[in-house]
A.B. asks: 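Right, I'll just put the structure down here and ask away after.
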Amino acid sequence: MIKFFLMVNKQGQTRLSKYYEHVDINKRTILETEVIKSCLSRSSEQCSFVEYKDFKLIYRQYAALFIVVGVNDTENEMAIYEFIHNFVEVLDEYFSRVTFWLILYCERGKNTSWG
Amino acid sequence: MATAGPCNTIGKSKEAEIKRINKELANIRSKFKGDKALDGYSKKKYVCKLLFIFLLGHDIDFGHMEAVNLLSSNKYTEKQIGYLFISVLVNSNSELIRLINNAIKNDLASRNPTFMCLALHCIANVGSREMGEAFAADIPRILVAGDSMDSVKQSAALCLLRLYKASPDLVPMGEWTARVVHLLNDQHMGVVTAAVSLITCLCKKNPDDFKTCISLAVSRLSRIVSSASTDLQDYTYYFVPAPWLSVKLLRLLQCYPPPEDAAVKGRLVECLETVLNKAQEPPKSKKVQHSNAKNAILFETISLIIHYDSEPNLLVRACNQLGQFLQHRETNLRYLALESMCTLASSEFSHEAVKTHIDTVINALKTERDVSVRQRAADLLYAMCDRSNAKQIVSEMLRYLETADYAIREEIVLKVAILAEKYAVDYSWYVDTILNLIRIAGDYVSEEVWYRVLQIVTNRDDVQGYAAKTVFEALQAPACHENMVKVGGYILGEFGNLIAGDPRSSPPVQFSLLHSKFHLCSVATRALLLSTYIKFINLFPETKATIQGVLRAGSQLRNADVELQQRAVEYLTLSSVASTDVLATVLEEMPPFPERESSILAKLKRKKGPGAASALDDGRRDASSNDINGGVEPTPSTVSTPSPSADLLGLRAAPPPAAPQAPAGAGNLLVDVSSDGPVAQPGLGPTPEEAFLSELEPPAPESPMALLADPAPAADPGPEDFGSPIPEADELLNKFVCKNNGVLFENQLLQIGVKSEFRQNLGRMYLFYGNKTSVQFQSFTPTVVHPGDLQTQLAVQTKRVAAQVDGGAQVQQVLNIECLRDFLTPPLLSVRFRYGGAPQSLTLKLPVTINKFFQPTEMAAQDFFQRWKQLSLPQQEAQKIFKATHPMDAEVTKAKLLGFGSALLDNVDPNPENFVGAGIIQTKALQVGCLLRLEPNAQAQMYRLTLRTSKESVSRHLCELLAQQF
């Protein structure tokens, strides 16, 4: 199952986060920093799945924006990988041309539970 | 909508934004407070602004009531903003919750699908227990009601799933469960998708209740798989029909064994074959989205095939399909193929098929640019290894080790060590492999690995000569790893005689070779080498003079390290006073180690390496290998130690002699590993090093060895071995003087909780050790230490705890305490464990103070004064005047004094502000009567505390303990 969903920019700042399991606020910051670090440091030749502690990160990059999904080991990596793209397409369809700036400015607070 | 206000400032300075927002907040506040009733539109507008301001990161502390009002609006936009605000800014105000719940209830009953969905989304988004309690019973009804709209059913299913995950106990199972399964047949694909998610979660707990979902899921899957690429319209993704639903259905089927009904099974097999066939067809689109979606289904199909593990034909086809992916240009596919194949390798039907890809996998290990892919390749090689390809795989892994990423070296080392042992045809190959491991990646060779090679060499006499020759050669390298010195020292000390005939490895040569490494080694290795030297004196009498010279050198005899110094002194004395016979008996060759599961395998399993267990499971593939590889058989001819070494262990072993042996071989892996030595030491059995050294300990008091230096300091770890308590230990102890339960200690790794009860001179204490990390603690050893005279004053019996504490887990330890006589210092609790390979240790003061054995005594004023007078000698009284460090509250003081253990006597002291107490300290040897008086002075914020007991030390000690509490 999906544990969390993150949108992060290239500077490592969280633009949107949604957790599907309770995680303390201060632990989220640490978790997000580590998660982002492990995704940002990867090159395009490397695969999109990263093992992180006891779960897996599946990420995709759209220009300066990273979308990272944390799942447990019973999840189908490829399905989630493509789900991220589907999600982006839905955003694009709904808001017509989603750009990085749109997400940046509309989602400045981290308190959102949108998603 | 008019949210433009605060929006305008974005991008300008922070100050400008705050100023603008404060202005806006003031405006909204005044609107809400104004006399004029706001219309729905304005209310919505302002609530929406508040929400936006909150999302910008500012605190919002009003507007909840207006948002709740919006819930009862009949306009969608107003209701929606109301729900949005409530979902984001949940408030625990109970009056508000009541109103919110009421509004939700109305909407759920409204039969307006849009309103029902808004209400369901709000319940799911908040997901609190209170919401669950209020609505968990209604939602299943809505979910299965015949007249619910599709969108409502979809939301209801997901809302129920959310509530079930948060508090499973609140969701009642009932007749609706049978009907929920039929949602798999629903016309609407969204409903089916939501229902599959719900059923997959529910069926894990009650598989039988949902068994009927199998045939429904199969027929649904079959309809999707066989549909044309345009049949499902909205649910077709780049020409792939309902990919995510297919994946979910395949995953649901993995909760169950293969269908029993032949027709259902036939239909399912047909589906699986169709998916495999489609993978071979030319793609309907060149877009990567198309192939990704298709492959997602394919991988899930393969998972189901592996899960069933019963269709050889499908398994082999799956393997071939994955084989194609191994060389695909997409890294993601190569990664997933390696991962899936790893599980295929453990199936008897596909193991051979997996093996045909060995060259590709080896190539992946060498050429992949991504460490996670290489790691998967290493896992797969490990999983596909058997007798036929072991030599090739081990040598490839060894080669890879030279350039492997640091992060995975240790795991590779363990895997190589296991494979080498498991599939060794001849043991010289095994010895070579392990020595190569040490040479290539010495730093990553853990103790388990080199202990293991020593155990095997010791137990198998056919390899001892070869091992001695090989280590001798390996030691000649100018720079060799310290682990090599350890193995070399041990093996030459035991079996150096087997190669002494060759003049190139004559005893003096062997000795000088070892000794040339001595000065560069750590204390532990030097200690081991000293033991090798004394063994040399027995093996090769001609080296005696040289070795005695070395032992006698100031650098040994006066070494700053106690262990080294003691060994030098003892060995020197032993070599000079003992006769040759005695020497030969004491320094006899090591007896074989008891048969046990490989400690390395246990370690790898602890590391949870994927496929770790599967490949090494003895059994179907390798039943025949047990004769040489299934474990090391003891060879009886070498058993010749004078007394069972069981009594001798303990040079370092912490457990007290009286400690009960851990239950042996209960089938539990962890228990096995830690208990199958003669004397179980938590974490490790007798390590060769310890067994080796302990053999040199005096076997029994009447033996000739008795004249040696007193071995006590080494055999019985005194408190100094455990380090002094942490600086805050006293403060932590203080917290427990007046209470028995609580958290004794906490840091990032570990939490220690205490629960204790005392009666008369006896006490029982439960210590709870909680692992706060997600990583397992190893060699977890909590020990109670009695410094100084405490042993004669307090008896503490401990129960052993498991040597491994899983991440997030808690273990409990029970302590039985008996107070023998009055005591002043508390016992120490020393906790040691390994966390991520690094040793951790911690010493605390155990919260056992003399006042715990207080028995309260009630007495009349007259009796009190009479006894008070009897205890009037100056040394019987202890008094302290001190400043209050806490607020002076009579009730709190009373509670503390009761917690301290004495009875509180009312109407004794003429001044009602003062406290008077009495009690008896119960110990096994004697009882000490105590009287106390506490006089608070509120003006001066001071206390005067007076204690009178029949024993001077007790008076002073109690006075000190109690004075720190106020």
Side-chain angles (χ1 to χ4, degrees), chain A residues 1-3 14-16 18-22 24 27 30-31 38-39 41-60 71 73-90 93 101 104-115, chain B residues 7 10-11 52-58 84 87-90 125-127 162 165-166 197 200-201 237-238 240 243-244 246-248 250-251 254 288-300 303 330-336 339 368-373 375-376 608 610 774-775 807:
Chain A
M1 74 171 263
I2 298 180
K3 305 258 178 185
T14 308
R15 298 279 68 124
L16 178 137
K18 170 81 183 165
Y19 288 81
Y20 296 89
E21 239 171 38
H22 178 74
D24 287 340
K27 285 198 181 136
I30 301 167
L31 181 118
S38 50
C39 292
S41 60
R42 295 171 70 84
S43 71
S44 56
E45 284 158 357
Q46 294 185 287
C47 70
S48 316
F49 319 121
V50 189
E51 273 159 65
Y52 172 78
K53 293 199 175 152
D54 48 356
F55 47 90
K56 249 190 189 144
L57 308 173
I58 298 163
Y59 72 94
R60 277 185 101 139
V71 300
D73 58 1
T74 61
E75 200 55 74
N76 181 313
E77 289 98 337
M78 206 39 123
I80 297 291
Y81 180 73
E82 207 44 38
F83 163 74
I84 298 176
H85 187 73
N86 192 13
F87 175 75
V88 173
E89 281 190 6
V90 169
E93 188 77 14
W101 296 103
L104 176 74
Y105 282 133
C106 289
E107 302 302 333
R108 278 197 13 182
K110 285 195 198 168
N111 298 323
T112 170
S113 76
W114 175 70
Chain B
C7 251
I10 291 171
F52 183 76
I53 292 170
F54 176 74
L55 292 183
L56 285 178
H58 302 268
L84 195 55
S87 312
V88 174
L89 281 107
V90 192
N125 270 328
V126 176
R162 169 66 209 253
K165 274 184 184 162
S197 296
T200 307
C201 185
Y237 181 82
Y238 290 88
V240 183
W244 290 283
S246 311
V247 166
K248 276 179 187 287
L250 288 162
R251 188 152 281 289
Q254 287 172 62
V288 67
Q289 287 88 339
H290 172 73
S291 54
N292 280 346
K294 222 166 107 179
N295 289 333
I297 302 175
L298 180 60
F299 278 113
E300 205 58 60
S303 294
E330 283 249 354
T331 315
N332 285 342
L333 287 182
R334 295 198 302 275
Y335 173 91
L336 293 175
E339 190 181 54
E368 278 293 349
R369 300 210 202 158
D370 183 350
V371 50
S372 26
V373 183
Q375 163 113 48
R376 287 287 86 83
K608 305 196 286 199
S774 54
V775 181

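Computed from a prediction, not measured in an experiment: that's the story for all the values here. Residue numbers begin at 1 in each chain, while the letters A, B, ... track the order of the sequences.
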A.B. asks: Can you see whether B:Tyr335 engages A:Gln46 through a side-chain donor-acceptor pair at a distance of less than 3.5 angstrom?
C.D. replies: no
A.B. asks: What part of B:Glu339 lies closer than 4.5 angstrom to a heavy atom of chain A: side chain, backbone, both or neither?
C.D. replies: side chain
A.B. asks: Can we say A:Glu82 and B:Lys294 salt-bridge, meaning some charged N sits less than 4.0 Å from an Asp/Glu carboxylate O?
C.D. replies: no
A.B. asks: With sequence neighbours left out, write down each residue that passes side-chain contact (heavy atoms from CB on, under 4.5 Å) with B:Arg369, or none if nothing qualifies.
C.D. replies: A:Glu45
A.B. asks: State, yes or no, whether a side-chain contact exists between B:Lys165 and A:Met1 at a heavy-atom distance under 4.5 Å.
C.D. replies: yes
A.B. asks: Of all the heavy-atom pairs spanning B:Val373 and A:Cys47, show the shortest one and how long it is.
C.D. replies: CG2-SG, 4.2 Å
A.B. asks: With a 4.5 angstrom heavy-atom cut-off, which part of A:Ser43 approaches chain B: side chain, backbone, both or neither?
C.D. replies: neither
A.B. asks: Quick one: does B:Asn332's side chain have a donor or acceptor within less than 3.5 Å of a partner on A:Ser48's backbone?
C.D. replies: yes
A.B. asks: Is A:Asp73 in contact with chain B via its backbone, its side chain, both, or neither, using a 4.5 Å heavy-atom distance?
C.D. replies: neither
A.B. asks: Heavy-atom distances under 4.5 Å only: say whether A:Tyr81 touches chain B with side chain, backbone, both or neither.
C.D. replies: side chain
A.B. asks: Hey, which of A:Glu21, A:Glu77, A:His22 has the most heavy atom pairs under 4.5 Å with chain B?
C.D. replies: A:Glu77
A.B. asks: Would you give the length of the straight line joining atom CG of B:Asn292 to atom CZ of A:Phe83, rounded to the nearest 0.5 angstrom?
C.D. replies: 14.5 Å
A.B. asks: Kindly say whether A:Tyr20 contributes a backbone atom to a donor-acceptor pair with the side chain of B:Arg162 at under 3.5 angstrom?
C.D. replies: no
A.B. asks: Could you pull out all residues at least two apart from B:Tyr237 that satisfy ring pair (Phe, Tyr, Trp, His ring centres under 6.0 Å)?
C.D. replies: B:Trp244
A.B. asks: Given side chains that start at C-beta, do those of A:Glu89 and B:Gln289 come closer than 4.5 Å, heavy atoms only?
C.D. replies: yes
A.B. asks: Please determine, among B:Val247, B:Leu336, B:Leu84, the option with the most heavy-atom pairs under 4.5 Å with chain A.
C.D. replies: B:Leu336
A.B. asks: Shortest non-hydrogen contact from A:Asn76 to B:Arg251?
C.D. replies: N-NH2, 4.4 Å
A.B. asks: Starting at CE of A:Met78, measure out to CG of B:Leu333 and round the result to the nearest 0.5 Å.
C.D. replies: 4.5 Å
